[in-house]
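This one's a predicted model, so the numbers in the text were calculated from it and none came from an experiment.
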Amino acid sequence: MQAFEVLESNVRLYSRSFPVSFSRARGSTMFTEDGRKIIDFVSGAGALNYGHNNYEIKAAIAEYLASDAVIHGLDMATPAKLDFMETFNSVILRERGLQYRFQFTGPTGANAVEAALKLSRKVTGRQNIISFTHGYHGLSLGAIAASGNRFHRAASGISLSGATFMPYDGYLGPAVDTAQYLQKMLLDKSSGIDLPAAILVETVQGEGGINVARKEWLQSIQAIAKDAGALFIVDDIQMGCGRTGEFFSFEFAGLSPDIVVMSKSLSGYGLPLSLLLIKRAVDAWRPGEHTSTFRGNNLALVSATAAINTYWRSRTFSQGVQRMGELMRSRLEAIASEHGNSFAVRGRGMALGFDCQMVELAEATTRKAFEKGLIVVRCGPNDQVIKFLPALTIDHETLNQGIEMFEESLVETLR
Ligand SMILES: *Cc1c(COP(=O)(O)O)cnc(C)c1O
């Protein structure tokens, strides 16, 4: 690992927590160069919902590569892009009664968020974006302006503007309805809050500590956006693509966002691919107003189509994720109540967080887990929450092994 310390910038992060070289991976298991076997509960921060080197998806990519079909064509029309849009339309959108246009953005989630914010400002002629405490939307200047984390905000090195933060669901305790607070601030012409171009929300805050918004709260936020003449944007970058048990994380609340932001597991294979789903009525772009060299890379579109065809043509996969999520939750809750009275377990579907309350405990537990052969990462305002994002395709045995390693690590740390 010494070569990485010498050659790679100080900015590197995960190779510090996991100081080994990972050479191969399959499903939920990663193998280090020196032959260790490691269970992966990080899943590329939610970019590998279908596991590493998913066999079915790989077959589609390998065939496409072998055929000399177009890989990169800016945003030119290709059969691969058409196939993706038609498949997504019929299998995902039409099945759920949703109608959207596709905007392929640059390959990062942050670029898709930038596009969503720009479009909202263009449509409404307003500047302010309402976002929420502990929200995370990426690190480019527009996206970080709408994100809460002080460490990342400070790294921008420039004043961040154009966003106002409101308390997320539960931020002020269970007794306070923060949607009501937001509504009052927007209705009051002298509240000091400019009318927003958009309200930007995650239904479960991934980086912010696995904070879960209630269905009623989300429905209120959508209604408040509508009343205020603002666009309602769901950032489904981390919680979409099945993570919470359904394809979109907002299905359980019956929401109909004006814009949905997707990235991370969209390509299904860890290839970079991001897009916006935008309602036709707000598609106010002029040709080329938001471009990028790598928009809708065809190889990533082929893997995205294969992922949809493999997992989303029936309800079986989704039901399996929900069952496995419940299993994980009850195991983690049992661990929480057995080993301490201040631990909390939060989440929805297979996005779960184990709140250790103390950063030292969370840090030592994840370090010990890695020694035992499990990678998990931390999130939350104080990095005190251990985040569980196993692949949605994980088998029960590996899932149980991973959870056992976590429990042993916690117990040994507490001792
Ligand atoms: C990861 C993430 C982003 C940023 O995506 P990048 O590809 O890292 O730019 C934005 N929003 C949410 C909710 C995320 O989890």
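A donor-acceptor contact under 3.5 angstrom links the side chains of N111 and H290, judged on distance only. For the residue pair Y311 and N54, a side-chain donor N or O sits within less than 3.5 Å of a side-chain acceptor on the partner. A side-chain donor from one of T398 and D395 sits under 3.5 Å from a side-chain acceptor of the other. Residues R26 and T29 bring no donor and acceptor atom of their side chains to less than 3.5 Å of each other. Using modelled atom types and a 3.5 Å distance limit, the side chains of N298 and H72 yield no donor-acceptor pair. A donor-acceptor pair shorter than 3.5 Å cannot be found between the side chains of K37 and T32. For the residue pair T244 and S249, no side-chain donor N or O sits within less than 3.5 Å of a side-chain acceptor on the partner. For the 3.5 Å distance criterion, the side chains of R243 and N49 qualify, holding a donor opposite an acceptor. Under 3.5 Å, the side chains of N149 and R153 contain no donor-acceptor pair of N or O atoms. A donor-acceptor contact closer than 3.5 angstrom is absent between the side chains of T305 and D83.
Taken to the nearest 0.5 Å, the CG atom of L392 stands 7.5 Å off from the OG atom of S43. Distance CD1/I61 to CG/L301: 11.0 Å, rounded to 0.5 Å. In this structure, I193 CD1 and I130 CD1 are separated by 6.0 Å, a value rounded to the nearest 0.5 Å. In this structure, E333 CD and R346 CZ are separated by 12.0 Å, a value rounded to the nearest 0.5 Å. Here the CE-OG1 distance, from M239 to T203, works out to 7.5 Å after rounding to the nearest 0.5 Å. In this structure, CZ on R331 lies 8.0 Å from CG on L399, to the nearest 0.5 angstrom.
Under the 4.5 Å side-chain criterion, counting only non-hydrogen atoms from C-beta, L352 is not in contact with I210. At a threshold of 4.5 Å between non-hydrogen side-chain atoms, the residues H134 and P381 count as touching. In this structure, the side chains of Q127 and S161 stay at 4.5 Å or more apart for every pair of heavy atoms. Inter-residue side-chain proximity for I386 and C356 is flagged as met; some heavy-atom pair is nearer than 4.5 Å. Between K372 and E412, some side-chain heavy-atom pair lies under the 4.5 Å cut-off. Under the 4.5 Å side-chain criterion, counting only non-hydrogen atoms from C-beta, L275 is not in contact with V261. At least one side-chain heavy atom of L186 sits under 4.5 Å from a side-chain heavy atom of I224. Residues L200 and D235 form a side-chain contact, since some pair of their non-hydrogen atoms from C-beta on lies under 4.5 Å apart.
Residue pairs meeting the salt bridge (charged side-chain N to carboxylate O under 4.0 Å, His left out) criterion with at least one member in residues 104-131, sequence neighbours excluded: K122-E289. Sorted by first and then second residue, the pairs that involve residues 174-197 and meet side chain to side chain donor-acceptor pair (under 3.5 Å), not counting sequence neighbours, are T178-W217.
Residues that satisfy the ring-ring contact (aromatic ring centres under 6.0 Å, His included) test with F343, not counting sequence neighbours, are F354.
Between S303 and L271, the closest heavy-atom pair is OG-CD1, 3.8 Å. Of all heavy-atom pairs between R96 and V91, the closest is NH1-O, 3.4 Å. Nearest heavy-atom pair, Q384 versus A362, reported as atom, atom and distance to 0.1 Å: O-CB, 3.6 Å. I237 and K264 get closest at one heavy-atom pair: O-CB, 3.2 Å. Here the closest heavy-atom approach between residue P257 and residue V234 is recorded as CG-CG2, 3.6 Å. Counting all heavy atoms, side chain and backbone alike, A110 lies closest to S140 at CB-OG, 3.6 Å.
F252 carries R348 over the face of its six-membered ring, with the cationic atom under 6.0 Å from the centre and within 45° of the normal.
Within a 6.0 Å sphere centred on CZ of F165, other residues, nucleotides and ligands contribute more than 12 heavy atoms. Atom CD of E8 has more than 12 heavy atoms from other residues, nucleotides or ligands within 6.0 Å. Counted within 6.0 Å of CD on Q319, heavy atoms from surrounding residues, nucleotides or ligands total more than 12; the atom is thus considered enclosed. More than 12 heavy atoms of other residues, nucleotides or ligands lie within 6.0 Å of NZ in K58, so this atom counts as buried by the packing criterion.
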Pair H137, I144 - check side-chain contact (heavy atoms from CB on, under 4.5 Å), show working.
CA-CA 6 Å; H137 302 288; I144 187 61; over 6 Å; no

Is there a side-chain contact (heavy atoms from CB on, under 4.5 Å) between L74 and F294 once you walk through the steps?
CA-CA 6 Å; L74 299 169; F294 293 102; over 6 Å; no

Begin from the C-alpha positions of K387 and E207 and carry the test side-chain contact (heavy atoms from CB on, under 4.5 Å) through to its verdict.
CA-CA 9 Å; K387 182 155 91 166; E207 297 309 300; 2.8 Å; yes

side-chain contact (heavy atoms from CB on, under 4.5 Å), that's the test. Do I259 and L231 meet it? Break it down for me.
CA-CA 8 Å; I259 303 178; L231 271 58; 3.9 Å; yes

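When each of V376, D383, L374 is checked for a side chain to side chain contact (heavy atoms under 4.5 Å, CB included) with T366, only V376 meets the rule.
Checked against the 6.0 Å centroid threshold, F388 and F406 count as a close aromatic pair. If you look at F88 and F247, their ring centroids are closer than 6.0 Å. A centroid separation of 6.0 Å or more is found between the aromatic rings of H52 and Y269.
Not one N or O on the side chain of Q103 forms a donor-acceptor pair closer than 3.5 Å with the backbone of L276. Side-chain N or O atoms of S28 include none that pairs as donor or acceptor with a backbone N or O of I39 at under 3.5 Å. No side-chain donor-acceptor contact under 3.5 Å links S274 to the backbone of S263. A donor-acceptor pair under 3.5 Å is absent between the side-chain atoms of S120 and the main chain of A197, judged by distance alone. For Q219 (side chain) and L255 (main-chain N/O), no donor-acceptor pair under 3.5 Å exists by modelled atom type. Proximity of a side-chain donor or acceptor of E251 to a complementary backbone N or O of F248 within less than 3.5 Å is detected. Side-chain atoms of Y55 never come within 3.5 Å of backbone atoms of G27 as a donor-acceptor pair (strictly under, hydrogens ignored). With S318 contributing its side chain and R315 its backbone, the two residues share no donor-acceptor pair below 3.5 Å. Put simply, the side chain of R16 never gets that close to the backbone of L13: no donor and acceptor are under 3.5 Å apart. Judged purely by atom type and a 3.5 angstrom limit, Y100 has no side-chain atom pairing as donor or acceptor with the backbone of N89.
The aromatic rings of F22 and F18 sit perpendicular to each other, their planes meeting at more than 60°, with 30° as the lower class boundary.
Between E363 and R367, at least one side-chain N (NZ, or NE/NH1/NH2) sits under 4.0 Å from a carboxylate O, which counts as a salt bridge.
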